[in-house]
Amino acid sequence: MAHAVEKHPVTGIPANPEKATLEGKNKYVAFWFFLGGETVLFASLFGTYVGLLNSGAPEELRSYNIFEMELVFIMTMLLLTSSLTSVLAMMNMKANNPGRMKLWLIVTLLLGAGFLGAEIYEFIHYYHIGHTFTSSAFGSAFYTLVGFHGAHVTFGLLWITTLLIRNWNRPIDVYNAPKFYVSSLYWHFIDVVWVFIFSIVYLLGMVN
Amino acid sequence: MEKRVMNESHKQLELEVKAESKREYQLQLISFAMMILLTFVAFGAVYAELMPVWAAGGFLIILAVIQVFLQLYIFMHMNNRGNTWIVVMMWLGIFVAIITVAALRLLIW
Amino acid sequence: MQQSRKYNGIMDWITTVDHKKIGILYLFSGIFFLLLGGIEALLIRWQLVKPMNDFVSGETFNQLITMHGTTMIFLAAMPMLFGFMNAVVPLQIGARDVAFPFINSLGFWLFFFGGVMLNLSWFFGAAPNAGWTAYAPLSTQPEATGVDFYTLGLQISGFGSLMAGINFLVTILNMRAPGMKLMRMPLFTWTTFVASALIVFAFPPLTVGLFMLMFERLFGAAYFDPALGGNVVIWEHLFWIFGHPEVYILILPAFGIFSEIIPTFSRKRLFGYTTMVFATMLIGFLGFMVWVHHMFTVGLGPVANSIFAVATMAIAVPTGVKIFNWLFTLWGGQIKFNVAMLYSVAFIPSFLVGGMTGVMLSVAPADYQYHDSYFVVAHFHYVIVGGVVYGLFAGLYYWFPLMFGKALSEKLGYWQFWLFFIGFHLTFFPQHFLGLFGMPRRVFTYLDGQGWDTLNMLSTIGAFFMGVSTIVLLIAVVKAFLSKDRVKPDHWGDGRTLEWTLPVPTPEYNFAQTPLVKGLDTFWLEKMAGNKRVSVAEEVSDIHMPNNSLIPFFMSLGLFIAGLGAIFQMDNTVVGWSLIGFGLAMTFVSMFLRSWIDDHGYYIPKSQVEADLKAIREKGEQ
Amino acid sequence: MMMFAVLLSGCGQEGLSALKPMGEGAELQLRIILISLAIMLFVLIIVSVIYVYVLMKFRRKDESIPKQVEGSSTLEMIWTVVPIILLIILAVPTITTTVELAKAKEAKKEEEINVTANLYWWEFEYPEAGVVTGQELVIPVGKRVGINLTSKDVIHSFWVPALSGKTDTNPGLDNEMWLHANEPGTYYGKCAELCGPSHALMDFKVIALEQEEYDQWLADMKAKQDENGEKLVADNTNLTTGEEVYVQSCLSCHGGGKVAPSLTNFGDREWLAGYLENNEDNLKEWIRDPQEKKQGALMPGFNEGQISNEELDALVDFLYEQKID
Ligand code: HEA
Ligand code: HEA
Ligand SMILES: [Cu+2]
């Protein structure tokens with residue numbers, strides 16, 4: 001497989017190492033299709049959420065009384081920036097700069113971990129004021145949607161960490177580039193979902 | 001002599017690669033700046049209570065949609081050459097997603 | 001270069017990543033579940049043979065129908081179709097394997113353990129009893145513990161289906177032999193492609209719905225609990241947004257099978273190939289816009305009902321195009337009636353009746369009468385049995401020689417066909433009238449004197465005809481395995497597509513040399529041009545192969561154990577949560593190992609391939 | 001089409017079959033069933049003719065290779081356009097009928113009844129008159145009666161095939177429909193959504209009365225329920241044995257808006273528990289062990305320790321006295 005691939009004279013690896021081999025291309029396409037499915041998955045969660053918005057919750061536990069803008073804004077910035085750093089990592093991967101790729105990936109991980117920490121803090125806060133998974137249909141729908149997203153973030157962190165450790169001492173090649181690349185697609189998708197979460201769940205929820 | 005030509009053309013290539021990657025870099029940065037901007041507008045509008053309630057939904061969703069397309073098309077390069085089927089499948093996914101949300105919003109009383 | 005990792009015997013089957021073997025695994029697991037679901041059907045029919053029968057209780061009856069429907073759809077029909085897709089599609093497109101052999105194996109084991117999980121419920125006190133549709137809040141009643149097995153079993157096997165779907169999509173897009181343009185692909189490959197796309201979009205709503213049902217049952221969430229602001233219609237939407245495309249996931253590959261068999265035994269190319277392809281896509285697309293026709297009586301209002309009624313009717317158009325194209329493929333052909341062809345020909349009128357009752361159901365105001373009555377039961381068995389099951393049987397007779405190197409007895413096959421054909425119509429035709437005479441479905445019994453007795457009796461007799469027919473089929477399969485007659489390549493002599501160019505048994509790398517495809521039905525074209533062999537696109541060379549792996553088995557087993565744990569934590573928290581922890585750990589460690597250990601596969605050396613080729617040619621087989 | 005109408009309506013049980021409509025709703029529905037059936041038969045005949053011809057004519061006779069036909073755009077055009085036309089013909093009455101059947105609001109102005117489904121029994125409330133009854137829905141003939149539907153527990157579905165198609169009763173949500181009967185009579189009703197082990201036994205009856213009789217019935221019911229509330233017993237002093245048992249054992253559950261059906265007119269009812277003949281033996285067996293007759297029923301059984309045989313006799317007598325005429 002690898003022998004058929006033409007290397008770029010400057011970078012020393014193929015121009016698009018993530019899809020230079022058939023295996024890589026398969027992975028790339030398959031992962032996009034998977035994201036197509038994930039789109040519908042999150043749509044189902046969003047649909048349920050908007051269907052049950054504030055349903056069954058007492059006035060003081062309704063969206064416009066519990067959501068706080070500051071925290072959501074910080075979380076949004078963290079995740080949005082991590083999407084950019086993930087792009088930078090991939091650009092460095094294509095340019096065959098393993099060092100800088102790793103650096104940007106670590107930054108991505110840190111930002112993601114910060115996001116996750118903030119989310120956990122947020123959930124604990126809600127728990128204390130009585131907005132829980134079982135307190136109302138609204139609570140169930142909220143935690144399911146946002147929690148599914150949080151679970152995706154967690155999985156993404158674990159995945160990228162594993163990739164980093166495994167390939168720490170290896171050069172970038174057509175075998176590991178697709179792995180890095182699809183994990184970064186995954187990470188962007190997490191951000192895509194978050195954009196809708198902050199717009200529809202939080203901001204719209206605050207508008208009353 | 002030959003070697004020098006080789007070197008020359010290699011340098012040329014290197015320059016091209018650099019320029020290309022710079023263009024790419026700028027594109028990504030610009031789109032990031034736009035995302036940040038859109039986010040600020042969304043948060044700001046809600047914070048300052050600039051919109052009437054009925055218009056908020058549409059407005060926020062439009063901003064979100066623009067931002068998401070920046071992600072998909074620029075950060076994720078969905079539109080790359082050879083990605084026809086990827087684009088088709090993503091759009092079908094978006095289509096199913098829209099009718100799903102619409103149904104769960106409109107058809108449950 | 002790495003060495004190949006090989007196992008023998010049962011370990012070979014557990015670790016295999018060869019699509020041909022995985023196809024066989026799917027096929028036989030599917031047949032096994034078909035028998036289970038069939039036995040459940042016979043018990044259902046036996047209970048209904050006469051009014052006020054007390055063969056089983058209402059509770060047991062509800063478990064029987066739920067398990068019958070769920071088993072048949074998820075564990076029999078879909079897996080058997082996956083079996084044929086695996087066995088045939090890579091061969092039809094001239095590929096050496098699917099795009100993701102490892103994922104392929106994982107998909108199978110997830111399905112398998114999901115199926116086992118679902119059926120374990122019989123041994124743990126109670127099977128799910130809320131219908132295959134599991135409407136909340138019936139399904140969220142605390143005492144309906146069987147539903148836990150439903151949510152987790154379907155969840156696990158659903159992941160398997162999603163993986164299989166993505167795998168086929170990528171295989172078909174990326175793995176085609178040179179010259180195999182999209183519009184030269186055999187129809188079975190096309191329908192597999194579209195059905196796979198439907199899987200990718202239809203299963204996520206089910207996944208979400210099942211998660212919600214599970215969270216509500218096990219962890220006290222309240223999506224469907226009106227007391228806490230929940231809404232019971234949400235589950236119905238999620239289920240049917242999945243459920244309607246699901247029926248096309250079943251029927252489209254069956255259409256594909258008929259589109260292979262009918263041209264083959266008419267010796268004519270498929271009439272209107274291009275429209276057939278577009279009709280398939282259109283059916284798939286429209287399939288996402290009609291789910292509310294299962295919910296006409298829910299009370300969504302006249303506007304929603306009218307829109308979805310008309311959208312539903314629209315599907316009749318592309319389906320009709322297909323029916324007529326098949327008829328005109330037969331027109332002017334040289335029709336040979338073997339068993340595979342008999343099933344294909346019998347399919348047309350049977351499915352037509354089912355499709356027509358489908359359009360009648362789509363008339364919303366009329367559906368207020370039909371809904372949840374035996375008329376619906378009649379409709380969907382006409383399309384599912386008369387369409388999907390006929391397709392599976394046809395495919396079985398048609399591809400059995402390819403998959404196993406032996407042929408099923410045609411003589412037994414005729415018996416099997418006629419018994420099934422008669423039994424099928426006898427069972428389900430009277431049910432149309434039962435529905436119109438006011439008999440609701442899912443009733444465990446009925447009072448005397450409502451005018452339903454004779455028709456129910458006929459229906460039960462018919463079911464037993466099908467039972468006998470199934471036994472004949474089993475005999476035919478066993479007989480074929482015991483027989484010593486091996487078949488030659490192109491067993492039917494009329495083969496048109498690439499799978500028939502291969503030697504039997506097919507070597508693990510399928511094609512010694514990747515074929516060069518020259519048009520639609522390339523094998524037929526070559527035959528007509530007087531060539532014995534299809535052209536090839538490459539020299540003989542080393543062939544790269546994936547390694548067998550135990551990881552998929554353990555990944556699935558882990559989820560299975562965690563699922564059981566989730567169910568048990570209701571009764572015994574400690575045992576339950578330790579099982580959850582242990583199972584998830586097994587899955588995650590397996591996933592971790594998969595990404596940690598590099599697996600580059602191995603190469604079959606050129607010399608080996610050449611030797612195989614020589615041996616085959618000496619036998620004069622190719 | 002006429003022939004088929006005759007053929008079909010020849011079958012099925014009077015008062016139950018959707019093919020023998022006894023009210024406007026079912027008539028509208030049968031009409032559109034027949035329209036769609038006619039279109040389907042037209043298609044069936046065309047396909048059958050081609051099918052039979054092809055199978056007779058083109059059996060394999062020799063080993064020759066037939067002409068490989070690619071397709072025909074004319075033909076394919078025909079079998080795309082003709083079905084579209086047929087479906088448009090079908091879609092128009094579909095929409096108009098859907099709209100007609102949805103006119104519950106107007107009907108409600110005339111007459112309004114609330115239907116509440118419960119695990120295996122039905123409650124019918126006449127909000128105007130303030131009357132509650134169970135298992136047997138009494139309606140006036142000759143006009144559309146507006147019906148509100150909901151459920152107390154799981155989803156059920158309200159179906160009276162001879163009068164009209166079904167509408168689901170969803171817990172936590174309200175639905176509406178209208179019901180119309182041409183003539184006085186008894187019509188069979190079914191629960192049409194799986195609701196548990198005794199789903200099959202959740203039958204009810206619709207009794208259509210002439211307007212005057214209906215008014216009379218309603219007035220009598222009202223009188224009785226007004227006078228005694230839902231208690232059936234005047235006061236707590238001087239109770240007969242039957243009354244006493246009733247007050248002790250039954251009252252906490254039975255009655256309008258409670259968890260079990262009102263018994264105000266129990267003695268008039270032809271059926272017990274919706275599907276059994278309403279006689280003493282059945283009633284006694286029912287009180288002793290309801291689950292035996294309806295698996296999953298919520299009513300507890302009363303053994304001899306709780307209600308002795310004599311008390312049971314008295315209770316049964318008392319219950320059969322509960323009549324309104
Ligand atoms: C393989 C499975 C399969 C297939 C292919 C279909 C095909 C169709 N189905 Fe069916 N359906 C089911 C499986 C299937 N269905 C199941 C399992 C249920 C019940 C689930 C449950 O509740 O448990 C169900 C229920 C169901 C309902 C809900 C009934 C109810 O519960 O009240 C409806 C309503 O519209 C419906 C409609 C249709 C239609 C219009 C088609 C169409 O696709 C049919 C199209 C085909 C034709 C029409 C024939 C050929 C066409 C021509 C020759 C052209 C000319 C024709 C005309 C102009 C009419 N189906
Ligand atoms: C792929 C789908 C599929 C298939 C193939 C079938 C096949 C059959 N179905 Fe099923 N059916 C459904 C899907 C399917 N069904 C669904 C989804 C429901 C709805 C469930 C619900 O309401 O939730 C349903 C409901 C359903 C009902 C209605 C129950 C009710 O509402 O109360 C009935 C009743 O007659 C029925 C009958 C049959 C019969 C007689 C067959 C026959 O065709 C079966 C023929 C097969 C056999 C008879 C096998 C015999 C096996 C042997 C003889 C074993 C030999 C033994 C060994 C050697 C081990 N089915
Ligand atoms: Cu459907």
Side-chain angles (χ1 to χ4, degrees), chain A residues 1-2 19 21-58 132-145 147-148 155 158-159 162-163 165-167 170 175-176 179 183, chain C residues 95 98-100 103 162-163 165-171 173-175 196-197 199-209 211-212 215-216 219-231 233-235 237-238 241-242 245 288 544 546 588 591-592 594-601 603:
Chain A
M1 20 159 216
K19 40 187 173 172
T21 61
L22 180 60
E23 284 82 354
K25 211 160 82 191
N26 286 346
K27 230 176 233 169
Y28 175 80
V29 176
F31 200 80
W32 268 107
F33 290 175
F34 171 71
L35 293 183
E38 288 260 278
T39 308
V40 182
L41 183 117
F42 276 101
S44 308
L45 291 167
F46 271 106
T48 306
Y49 177 83
V50 294
L52 294 177
L53 177 63
N54 285 332
S55 183
T132 70
F133 187 56
T134 54
S135 65
S136 63
F138 171 54
S140 302
F142 171 81
Y143 283 102
T144 313
L145 169 58
F148 252 80
F155 186 83
L158 292 176
W159 182 10
T162 312
L163 281 179
I165 299 175
R166 181 67 184 100
N167 295 296
R170 298 173 163 203
Y175 181 69
N176 58 28
K179 300 187 179 200
S183 73
Chain C
V98 291
F100 304 101
I103 299 274
L162 187 66
M163 287 174 193
I166 294 181
N167 197 354
F168 282 119
L169 284 176
V170 179
T171 303
L173 281 180
N174 283 359
M175 309 288 281
S196 301
I199 289 178
V200 172
F201 300 127
F203 270 73
L206 179 70
T207 305
V208 169
F211 265 123
M212 290 176 23
F215 291 158
E216 183 143 347
F219 308 120
Y223 323 94
F224 314 125
D225 180 0
L228 285 172
N231 187 311
V233 180
I234 289 179
W235 164 264
H237 276 301
L238 288 176
I241 291 175
F242 149 78
F288 279 99
H544 178 241
F588 277 100
M591 285 168 78
F592 178 78
R594 171 67 181 167
S595 62
W596 198 265
I597 304 169
D598 287 349
D599 187 348
H600 294 285
Y603 282 87

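In this text, all values refer to a predicted model and were calculated from it rather than measured experimentally. By convention in this document, chain letters (A, B, ...) are assigned in the order of the sequence lines, proteins followed by strands, and residues within each chain are numbered from 1.
Of the atoms belonging to A:L158, not a single heavy atom falls under 4.5 Å from chain C. Of the two parts of C:M212, only the side chain, counted from C-beta on, holds a non-hydrogen atom closer than 4.5 Å to a non-hydrogen atom of chain A. Proximity to chain C (any heavy atom under 4.5 Å) is shown, for A:Y28, by neither the backbone nor the side chain. Heavy atoms closer than 4.5 Å to chain A are found nowhere in C:F224, neither backbone nor side chain.
Taking the six-membered ring where tryptophan is involved, the planes of A:F31 and A:W159 are tilted, since the angle between them lies from 30° to 60°. Using cut-offs of 30° and 60° for the angle between ring planes, the A:F42 and A:F148 rings count as perpendicular. The aromatic rings of A:F155 and C:F588 lie tilted to each other, with the angle between the two planes from 30° to 60°.
For chain A, the option among C:L169, C:L206, C:T207, C:L162 with the highest count of heavy-atom pairs below 4.5 Å is C:L169. Note: C:N174 leads C:N174, C:D225, C:V200 in heavy-atom pairs under 4.5 Å with chain A. For the set A:L45, A:V29, A:L52, the entry with the most heavy-atom pairs within less than 4.5 Å of chain C is A:L52.
Annotation for A:R170 and C:D598: closest pair NH2-OD2, 2.6 Å, computed over non-hydrogen atoms.
Inter-residue side-chain proximity for A:R166 and A:N176 is flagged as unmet; no heavy-atom pair is nearer than 4.5 Å. Counting heavy atoms from C-beta on, the side chains of C:V170 and A:K27 never come closer than 4.5 Å.
Pairs of residues two or more places apart, or lying in two chains, never qualify as side chain to side chain donor-acceptor pair (under 3.5 Å) while including a residue from residues 43-52 of chain A.
Close placement of the C:F215 and C:F211 rings is indicated, their centers lying within 6.0 Å of each other.
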Next on the checklist: Pair A:T21, A:Y175 - check side-chain contact (heavy atoms from CB on, under 4.5 Å), show working.
Outcome noted: CA-CA 8 Å; A:T21 61; A:Y175 181 69; over 6 Å; no

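Residues of residues 135-142 of chain A placed with any heavy atom under 4.5 Å of a heavy atom in chain C are listed by number as A:S135, A:S136, A:A137, A:S140, A:A141.
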